[in-house]
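A, B, ... follow the sequence lines: proteins, then strands. Residue 1 opens every chain. Atom set for the values below is all heavy atoms of this structure, side chains included, hydrogens, waters and symmetry mates excluded. The shown structure was predicted, so the numbers you read here are calculated from the model rather than taken from an experiment.
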2 protein chains.
Amino acid sequence: MAQAPYTRVKDFLKQGLAEGRWTPGAQMPSESELVSQFQVSRMTVGRAIRELQAEGLVTRVQGVGTFAAHLARVSSTLTITDLHEDILSRGHQHQARVVLSRQEPTADGLAQQLGLPLGAPVFHTLIIHYENGVPLQCEDRYVNPACAPDYLGVDFTQTTPTHYLLEVAPLWEAQYSIEAGQPSAHEAELLGITPADPCLIIVRRTMNRDVPITLARLVHPGARYQIHGQFKP
Amino acid sequence: MAQAPYTRVKDFLKQGLAEGRWTPGAQMPSESELVSQFQVSRMTVGRAIRELQAEGLVTRVQGVGTFAAHLARVSSTLTITDLHEDILSRGHQHQARVVLSRQEPTADGLAQQLGLPLGAPVFHTLIIHYENGVPLQCEDRYVNPACAPDYLGVDFTQTTPTHYLLEVAPLWEAQYSIEAGQPSAHEAELLGITPADPCLIIVRRTMNRDVPITLARLVHPGARYQIHGQFKP
DNA sequence: CAGTGGTCTAGACCACTGA
DNA sequence: CAGTGGTCTAGACCACTGA
């Protein structure tokens with residue numbers, strides 16, 4: 001099975017970039033040069049270069065040319081996964097304990113974050129997730145009732161809020177922050193650690209077309225949780 | 001200025017996905033349906049759908065069809081930025097203090113990580129980065145001498161190792177982990193914090209075509225450093 | 001078999017850049 | 001002006017799937 005022509009062009013350029021044949025900022029072969037070099041149509045080399053551009057490996061300027069990208073800002077993907085699936089994929093058991101599940105009036109900062117009027121009802125759950133019996137995450141979550149009216153009726157020992165919300169409210173945009181911090185006294189108690197133990201804290205807000213769906217604070221004992229990732233062009 | 005036809009098709013599909021018009025797993029219009037609906041050529045709808053596929057919004061199966069993606073695994077981009085640029089972009093001042101810069105014999109675990117024989121020389125720098133005079137990062141870095149022979153001669157109060165290495169050794173692949181932990185006694189002293197203060201610790205290894213270039217441990221006081229990101233299709 | 005996506009071609013017109 | 005990328009068309013052949 002012969003390789004597709006556009007991948008041959010793409011691989012040629014990619015290899016040259018890896019070898020430093022075109023150093024960052026240098027002009028790369030034009031579409032017409034590649035057309036005659038590879039004896040393919042311009043659509044084909046166009047696709048090859050466009051994909052490299054999408055991967056951030058080259059930059060293009062109309063009327064000027066294609067250039068090897070400055071890799072100063074290399075980006076990697078950080079995947080928002082469902083903790084339940086993560087744990088199962090490690091061949092371990094996942095349990096959840098629902099500490100709290102109720103409706104509350106929205107407090108001050110929260111109202112703003114969820115785009116609700118101050119004091120409007122909001123759903124609040126506090127769930128501890130265990131991997132093989134060991135507490136791994138304290139999930140403190142507020143949900144916009146308009147996006148998931150039946151949220152409080154769900155049995156979260158059987159499904160996770162993340163999973164349920166992805167089903168009922170198509171996620172469209174997410175913002176998150178990651179930091180190291182100390183758990184609150186209550187969180188420490190629930191996680192079976194001391195308030196001095198460092199934790200990885202992720203705060204995440206998801207929205208659908210400017211309507212906030214949910215705000216979650218995810219606290220993980222530092223010794224038990226790591227984020228891994230890699231970048232590969 | 002009329003919108004390009006392929007973006008019209010792409011936006012139509014994207015909007016439908018945001019509205020939940022096609023729920024995860026549902027079959028979406030075929031290329032030929034879109035061709036007659038939009039009165040464009042198949043190449044054009046093909047490009048629109050291919051880009052949605054690259055963004056992870058749809059999945060395609062040859063001979064079967066195009067389907068709305070299950071968004072269970074939504075990914076966001078985490079950008080490897082140069083701390084120096086980060087700080088300047090906030091309008092702040094960046095200073096670096098070189099605590100250590102020398103050649104050492106490679107220790108056990110390190111040799112493996114860098115693909116060097118045990119005891120082979122390796123470059124080692126320890127640098128503290130300050131934002132407006134406040135310690136923000138402790139950068140403990142080992143460098144494969146073969147990739148950057150002049151590394152130890154560089155004045156790292158003037159340029160950062162990240163920046164220098166991106167210049168001399170085209171980065172091609174990176175692996176990282178992020179966790180919360182406690183600094184070593186030495187790190188705490190250098191950062192002006194106590195060993196009990198939680199820190200965000202990033203360990204990053206970069207390589208070029210299977211040749212490890214550098215391994216860095218970046219320790220940040222939790223109270224002073226956060227990672228922010230967002231996902232938006 | 002009909003329908004799907006995967007890919008390619010040989011041309012075309014355009015906007016933009018810099019000499 | 002010549003050269004660049006941005007985009008499109010109308011066809012084509014193919015591999016694959018499921019009835």
Side-chain angles (χ1 to χ4, degrees), chain A residues 1-17 21-71 73 233, chain B residues 1-17 21-71 73 233:
Chain A
M1 51 182 291
Q3 214 182 0
Y6 88 90
T7 58
R8 286 197 300 120
V9 177
K10 190 175 167 182
D11 289 348
F12 165 76
L13 296 171
K14 215 160 168 170
Q15 169 118 9
L17 287 165
R21 175 165 166 178
W22 302 289
T23 55
Q27 181 154 13
M28 298 184 58
S30 71
E31 294 198 348
S32 59
E33 284 174 310
L34 292 166
V35 162
S36 46
Q37 184 176 342
F38 285 89
Q39 294 289 300
V40 296
S41 78
R42 214 190 122 203
M43 279 298 282
T44 300
V45 313
R47 173 168 177 185
I49 301 176
R50 198 167 348 102
E51 293 193 0
L52 292 176
Q53 184 183 22
E55 292 172 26
L57 296 177
V58 305
T59 58
R60 313 189 82 184
V61 182
Q62 192 177 14
V64 184
T66 301
F67 303 87
H70 292 278
L71 287 182
R73 285 176 205 75
Chain B
M1 51 183 291
Q3 213 182 2
Y6 88 90
T7 59
R8 285 197 302 123
V9 177
K10 191 175 167 184
D11 288 348
F12 165 77
L13 295 171
K14 215 161 169 171
Q15 169 118 8
L17 288 164
R21 176 166 167 175
W22 302 289
T23 55
Q27 182 154 12
M28 298 182 57
S30 71
E31 293 198 347
S32 60
E33 283 173 310
L34 292 167
V35 162
S36 46
Q37 183 177 341
F38 284 89
Q39 294 288 302
V40 296
S41 78
R42 213 189 124 206
M43 278 299 281
T44 300
V45 313
R47 174 169 176 185
I49 301 176
R50 198 166 351 101
E51 293 193 0
L52 291 176
Q53 184 182 24
E55 292 172 26
L57 296 177
V58 304
T59 59
R60 313 188 82 182
V61 183
Q62 191 177 13
V64 183
T66 301
F67 303 87
H70 291 278
L71 287 182
R73 285 175 207 76

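With sequence neighbours left out, B:F67 forms a ring-ring contact (aromatic ring centres under 6.0 Å, His included) with no residue at all. Listed by chain and residue number, A:L13, A:W22, A:E33, A:L34 satisfy the side-chain contact (heavy atoms from CB on, under 4.5 Å) test with A:P29 (two or more places apart in sequence, or in another chain). Scanning for side-chain contact (heavy atoms from CB on, under 4.5 Å) contacts around B:A54 gives an empty result, with sequence neighbours left out. Every residue meeting the side-chain contact (heavy atoms from CB on, under 4.5 Å) condition with A:S41, not counting sequence neighbours, appears here in chain and number order: A:M43, A:T44. The side-chain hydrogen bond (donor to acceptor under 3.5 Å, both in side chains) check on A:S32 picks up A:S30, with sequence neighbours excluded. Here A:Q62 pairs with nothing under the side-chain contact (heavy atoms from CB on, under 4.5 Å) rule; sequence neighbours left out. With sequence neighbours left out, the salt bridge (charged side-chain N to carboxylate O under 4.0 Å, His left out) criterion links A:R47 to A:E51.
A stem is defined here as three or more consecutive Watson-Crick or G-U pairs, each with both distances under 3.5 Å; for DNA chain C these stems are C:1-18 with D:1-18.
Contacts classified as ring pair (Phe, Tyr, Trp, His ring centres under 6.0 Å) and involving residues 42-64 of chain A (residues at least two apart or in different chains) are not found. Counting only residues at least two apart or in different chains, salt bridge (Lys or Arg N to Asp or Glu O under 4.0 Å) contacts with residues 58-69 of chain B comprise B:E31-B:R60.
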Summarise protein proximity over nucleotides 14-19 of chain D in one line of letters, 5' to 3': B for base, S for sugar-phosphate only, - for none, counting protein heavy atoms closer than 4.0 Å. -BBB--
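Sorted by residue number, the members of residues 32-52 of chain A with any non-hydrogen atom under 4.0 Å from DNA chain D read A:S32, A:R42, A:M43.
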